[in-house]
Every structure is written in structure tokens, then in C-alpha cells.
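One structure is given below, encoded as C-alpha cells.
Proteins get letters first, then strands, A, B, ... in listed order; numbering begins at 1 in each. This is a predicted model, so every value here is computed, not measured.
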Protein chains: 2
Amino acid sequence: MALRHAVLAALLDGEFSGYQLAKGFDIGVANFWHALPQQLYAELTRLEGDGLVSGREVVQDGRPNKRMFRVTDAGVTELQRFATAPAKPSFIRDDLLVKVQAVDGVDATPVIAQLQERAAVAEAKVEVLGKLLRRLRGDVDEEEFLLTGQRIGPYLTCQRGLAFESETRAWCLRAAELLVRRGSAGRAPSGSAHRRPAG
Amino acid sequence: MALRHAVLAALLDGEFSGYQLAKGFDIGVANFWHALPQQLYAELTRLEGDGLVSGREVVQDGRPNKRMFRVTDAGVTELQRFATAPAKPSFIRDDLLVKVQAVDGVDATPVIAQLQERAAVAEAKVEVLGKLLRRLRGDVDEEEFLLTGQRIGPYLTCQRGLAFESETRAWCLRAAELLVRRGSAGRAPSGSAHRRPAG
DNA sequence: CCTCCATAGTCAAGAATCTGAGTAGTCAGA
DNA sequence: TCTGACTACTCAGATTCTTGACTATGGAGG
């Protein structure tokens, strides 16, 4: 039960519709929590039912109506409670790392391709996050913003996201290059990779 | 359906019991995929049913019997297929980042404490992973090992884990120190953090 | 005119994951 | 002797997440 808190935290920045949240309007949020639109809509409905957010219908013409949500005082209280509760350890779940772990046992070609692809995606995210950081801090420099800004939470999480993506990119490129240099591509290793421990 | 491939990849290193897998015998695996013991046991049973791993009963005295598993040829084929399939984008899910995102809206004290705690955990992991890397590469230096070693998958994923934990540690310490310097601790921000956009 | 894309959602079903407890023997320490 | 910790695993139930639809309107491009 933490998607709810991610949504609450995202809504601290103002009023948003489920659609906006789903669009990853704030890369920062997508950055530490990932969810499909359906989940967000469902969660917003639940949150409203629990009185932690309040929604209002906005009638639009030329396009469908939408519902905009903001955090209520009860929602802030709930966030406060959540902040005090012990944090669960974070974890990565990454298909690509699984593939790299297994790369000695299979043909490396597709893994190399995916590492390069991932590096490109990470690079794009680095740029987006860099822009977002500049936008968040405005004209002042980072040091000053962090000490005096009123809303530093999103800035800090974006920093973390940026570092993560940057590191991801570097690692993917190193790993891909290494696999290319080893010439592991094209040939599947003989037999299975595991060696019987003198069995 | 990717826990199964994580388990297969982990078993490429040899023969292991569910208990060993669960213990995170290989930090490298815990590093890119997290699962509870129950899941691992269930997955191993399913994998065996599908013929992707084979298990054998090992009778022990003085302690319960166990079942040791190894990957079958069909399992390697399945890993090969998995490696070729498009990878889903990775994502982090982290309670602590949610809390930091919301830190402007709530009392920072517990968040600071959790950042420091997390930094300590990350530091411990950095050391464990560092040792694991040294053990994996043996006497040769990294460059040489990566070019000539037979089993570099786990080494690469450990490298990634190490970089991640190291970055986590640095960020947590920076963020905690910043929040302390801002003196955001002890006082809950007045009212809710969101400001009505001139509503 | 027809199709695709964007907006703005909703619903249902199934897979994956987590919570929590239970079994059962061995060994170490108070 | 009792308690707790370690090995080794199992089961049931709840929650969460993913997959894959489906509704409906408006505008752009071919």
C-alpha cells in the first residue's frame, strides 16, 4: 500500500487529473514509482472515498470532462503518518539485469542490442530530468535553491533519478562494449553454462 | 513472468536449494530481483514441473532434507528465448523516495532519520558487493577478468548493484544533511503544502 | 470519408506478489 | 529445562499489478 502515498506526494504540487498523473506529467514521480493509468484512476477513487483527496468535475467543451484532485488536510496527515512509518527497503526489478546475469549462458547479441537501447533511453531521461531540475530551481543556483526553496522534495527525487539514469547509461554502454569486444555475440556457448561441481 | 528467469539465471552458477536462493546466497541476484522465500519455493516447483530445472532430494542428518536444483537444457533454451524478447523498462519503487518527495508537506525529522539509516544499509551493501566482486575476479585485475573470464554476467550485475548502492548512499547523506541544515526538522509546515493555484 | 491520435476515462479477469502462519528437527545459551 | 535461532520448507488468503478490452468526442492527415 504505497502507490497511494506516491499519488498523494505527487498531488502536493497542485491539482491534477488522473490523466495528467498517468501521462507522467511529473517525471519525478514516474521516477520513484511506476503505475499504469488504470491503477491511478482506481487509486484516486479510493483516496477520494477515504477523504484523503478531493476531486472536482471540470466541464470542458471540445473534449471530455475531467476530474481534478487535490490533497485534503486528512491526506497531509496520512502522508505525515506514512513518513513516520519505517520504510521498506527499495529494490530494483529489471529484466535487462536478469539477461546480463545469464549472458554467459546464451547468445549475447540480443543482450548487447538491448543494453544499447536502454542506454539511449537513459540518456533521454537524463536530459529530461536535467531540464526539469533547471526549471524547478529557476534562476538561483542549486546550492541556494536547496537551502532556501520552499519545495525541495521533488528536486531531490529528480536528482536521485538523474543520478540513477546517468549511472544506468554508463553501465549499459560499458557492458555492451565489453560484450562486443569479447566477441560473445553470434555464438551460443556450448552446452549449458552451468558446470557440475564435480558431480 | 520474470521471477522465473531471475531464478534460472541465478541457477546458472551451479546447484542450489530454495533455501539458499532465499537467503540471498548471491547478493548479485537479490540485487536485480527481490523475492520472498515463498515465491522462490513456488517458482522452483513450477520450473521443475515445466522441465526447466531439475531437482534432487539431498538427505541430510542432523537437519532437514533439502532439494537441490540445477538448470536443464530446456531451461537454458528458455533463457535464450527470454534474452531475445524485448525488455521491459526497469523501475524503482522506493518508499523513501516517496517520503522525500513529500518532505515539504510534513515534518522532516523521521525522513532524515530514515535517510541516514538507508545510507548505512547502502554502505554495508557496498562493502559486501565489493568483496563479492573481488572474490569473483580472483587474482586477475578487473580489465583482464572482464575480457577473459568465463562467467562475467554476475560480475556485471554486481558492478551495477555496487554503483547503485554507492549512489544511494551519497544521495541519502546529501539529502539528510541538507534537511538538517534547513532546520526543517521538528516543525511541521503550516497548513497543507499545496497552495491553491489562485483558486 | 476514413483512419489514426489525443483526451479522459472505466471495467473485468488473471497473474504476480505480499502477509502471516504452520511444521518439524537441531543446537546453543540462560 | 525452556527459549530462541537456524535449517528447510509449505499453505492459505489478501492485495496489488498487469493485460486487454471498451466508451466517447474532436481534430489532423491522406
In B/S/- notation (B base, S sugar-phosphate only, - none; protein heavy atoms under 4.0 Å), nucleotides 8-21 of chain C written 5' to 3' is BBBB----SSBBBB
At a 4.0 Å cut-off to heavy atoms of chain A, the contacted part of DNA chain D spans dT16(D) to dG26(D)
Across all chains, not counting sequence neighbours, the side chain to side chain contact (heavy atoms under 4.5 Å, CB included) partners of Leu147(B) are Leu178(A), Arg181(A), Arg182(A), Glu143(B)
In short, ring pair (Phe, Tyr, Trp, His ring centres under 6.0 Å) pairs touching residues 59-82 of chain A with sequence neighbours left out are His5(A)-Phe82(A)
Ring pair (Phe, Tyr, Trp, His ring centres under 6.0 Å) pairs touching residues 119-153 of chain B, sequence neighbours excluded, are Phe145(B)-Tyr155(B)
Practice task
Using a 4.5 Å cut-off on heavy atoms from C-beta on, say whether the side chain of Val126(A) contacts that of Leu162(A).
Solution key: yes
Glu43(B) meets the side chain to side chain donor-acceptor pair (under 3.5 Å) criterion, sequence neighbours left out, with Arg4(B), Arg46(B)
Those residues at least two apart in sequence (or on a different chain) that pass side chain to side chain donor-acceptor pair (under 3.5 Å) with Glu165(A) are none
Hits for side chain to side chain donor-acceptor pair (under 3.5 Å) against Arg56(B), two or more places apart or cross-chain, chain-then-number order -> Glu15(B)
Apart from Tyr19(A) itself, members of its ILVMFWY cluster (side-chain separation under 4.5 Å) are Tyr41(A)
Sorted by number, residues from residues 51-59 of chain A placing a heavy atom under 4.0 Å from DNA chain D are none
Sequence neighbours excluded, the answer for side chain to side chain donor-acceptor pair (under 3.5 Å) partners of Glu167(A) is none
Applied to residues 87-100 of chain A, the salt bridge (Lys or Arg N to Asp or Glu O under 4.0 Å) test, sequence neighbours excluded, yields Asp94(A)-Arg118(A)
